[in-house]
Amino acid sequence: MAQQERSARTRAAILKAGAEVFAELGFAGASVSKITRRANLTLGALYFHFESKEELAREIVRSQPELVTRSMAAGVQGAVDVTVAWATQLREDPLLLAGARLVMDQEYFVCDEAGNSYRQWAEVLQPFLREASENGELRPDVEVRSLAQLLVNACTGAQMNAQLDSGRKDLPDRIRQMWVLLLPLIASEECAGRVIETLRYDESASLPDGVNRT
């Protein structure tokens, strides 16, 4: 195996192990020794790739948006698709789970605004919302930056409550419900109706056979 390939695999193993430990124990409860034991690697291997636990946590947070399947849709539908994809993938992806836990601990390791998870996700949503505004999908008085921040705050709160109530099993449904309630307030009547219809279809399609949602 080439040295570059071995290095990439080692880095990926450290990220995965770090994500699992951070997700379970939070930033304060995690340690480099716990992470290296989980990865079955030496401390030297970890410090070759990351200078500290803080740097590893920053990298996990920084990588969050790259992990979520990006929608091919535009405008409001694109923003909806990204948030639902995040909610769905979060339930199984260790790096996204770690990100959800580390969001609450960012005061310990985020050194600048560029590494702030809230800002990152707002920047993911803003191009979709800006396009929606330019195409007349949003109401004229809706400010794109403020809406992006509101959506990030709402999604963060939804995942925290879903963790307490269901272990995040119902998080995608919570995000769909959030949009169903919000869309009539921020979007044109035509856009709101169209997107809500897709949300309700997706919600019904995700149910087990023979189960009806009232």
Side-chain angles (χ1 to χ4, degrees), residues 1-71 82-127 148-149 151-164 166-169 171-172 175:
M1 184 188 301
Q3 182 177 354
Q4 187 175 6
E5 185 180 349
R6 282 200 304 270
S7 179
R9 291 184 63 176
T10 299
R11 180 182 174 85
I14 293 169
L15 282 167
K16 183 175 183 295
E20 292 173 351
V21 175
F22 284 134
E24 293 169 10
L25 303 175
F27 182 81
S31 67
V32 290
S33 59
K34 290 175 182 176
I35 293 168
T36 52
R37 283 199 299 271
R38 181 71 61 93
N40 196 27
L41 294 168
T42 65
L43 285 171
L46 186 148
Y47 285 124
F48 178 81
H49 290 278
F50 300 97
E51 292 183 356
S52 63
K53 181 177 77 167
E54 290 81 2
E55 184 182 350
L56 176 57
R58 284 197 296 271
E59 176 60 20
I60 289 172
V61 170
R62 185 205 63 77
S63 69
Q64 298 289 292
E66 300 170 6
L67 302 171
V68 175
T69 302
R70 294 304 177 94
S71 173
V82 167
T83 58
V84 174
W86 163 79
T88 302
Q89 292 175 234
L90 176 63
R91 298 177 298 179
E92 304 292 338
D93 190 311
L95 287 167
L96 288 175
L97 285 168
R101 180 72 182 265
L102 288 170
V103 160
M104 307 307 299
D105 297 335
Q106 286 187 96
E107 63 184 286
Y108 299 114
F109 62 87
V110 170
C111 299
D112 54 59
E113 280 296 310
N116 184 287
S117 178
Y118 296 101
R119 172 172 286 191
Q120 283 181 321
W121 283 112
E123 290 175 353
V124 168
L125 293 173
Q126 281 187 59
Q149 292 173 339
L151 290 168
V152 173
N153 290 337
C155 288
T156 300
Q159 79 84 13
M160 291 172 63
N161 284 310
Q163 166 62 14
L164 293 173
S166 69
R168 298 193 183 92
K169 291 179 182 178
L171 181 56
I175 299 303

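Numbering starts at 1 and runs along the sequence shown.
The two residues Pro172 and Lys169 come nearest to each other via the heavy atoms CD-O, 3.9 Å. Contact record, Leu125 with Ala148: CD1-O, 4.2 Å, taken as the closest heavy-atom pair. Taking all atoms of both residues into account, the shortest heavy-atom contact from Gly29 to Lys34 is O-NZ, 3.1 Å. Nearest heavy-atom pair across Ala98 and Ala19 is CB-O, 3.2 Å. When all heavy atoms of Val152 and Ala122 are compared, the closest pair comes out as CG2-N, 3.5 Å. A pairwise comparison of heavy atoms in Thr36 and Ser33 identifies OG1-O, 3.0 Å as the closest pair.
Annotation: the span from Met160 atom CE to Arg101 atom CZ amounts to 11.0 Å, rounded to 0.5 Å. Atom CD of residue Glu55 and atom CZ of residue Arg62 lie 11.0 Å apart, to the nearest 0.5 angstrom. How far CD1 of Ile175 is from OG1 of Thr88: 9.5 Å, rounded to the nearest 0.5 Å. Trp121 CH2 to Cys155 SG: the interatomic distance, rounded to the nearest 0.5 Å, is 9.0 Å.
Side-chain N/O atoms of Arg168 and Gln159 include a donor and acceptor closer than 3.5 Å.
Looking at Arg11 and Glu59, their side chains come closer than 4.5 Å, going by heavy atoms from C-beta outward. Using a 4.5 Å heavy-atom threshold, the side chains of Lys16 and Leu95 count as separate. The shortest side-chain heavy-atom distance between Phe50 and Val32 does not fall under the 4.5 Å cut-off. For the pair Tyr118/Asn153, a side-chain contact is recorded, criterion being any heavy-atom separation below 4.5 Å from C-beta on. Val68 places a side-chain heavy atom less than 4.5 Å from the side chain of Leu96. At least one side-chain heavy atom of Gln120 sits under 4.5 Å from a side-chain heavy atom of Val61. A heavy-atom distance below 4.5 Å is found between the side chains of Leu15 and Ile60. Using a 4.5 Å heavy-atom threshold, the side chains of Ile14 and Leu56 count as touching.
In this structure a side-chain-to-backbone donor-acceptor pair under 3.5 Å is present from Lys53 to Ala30. Proximity of a side-chain donor or acceptor of Glu20 to a complementary backbone N or O of Pro94 within less than 3.5 Å is not detected.
Under the side chain to side chain donor-acceptor pair (under 3.5 Å) criterion, Glu54 pairs with Ser52, sequence neighbours left out.
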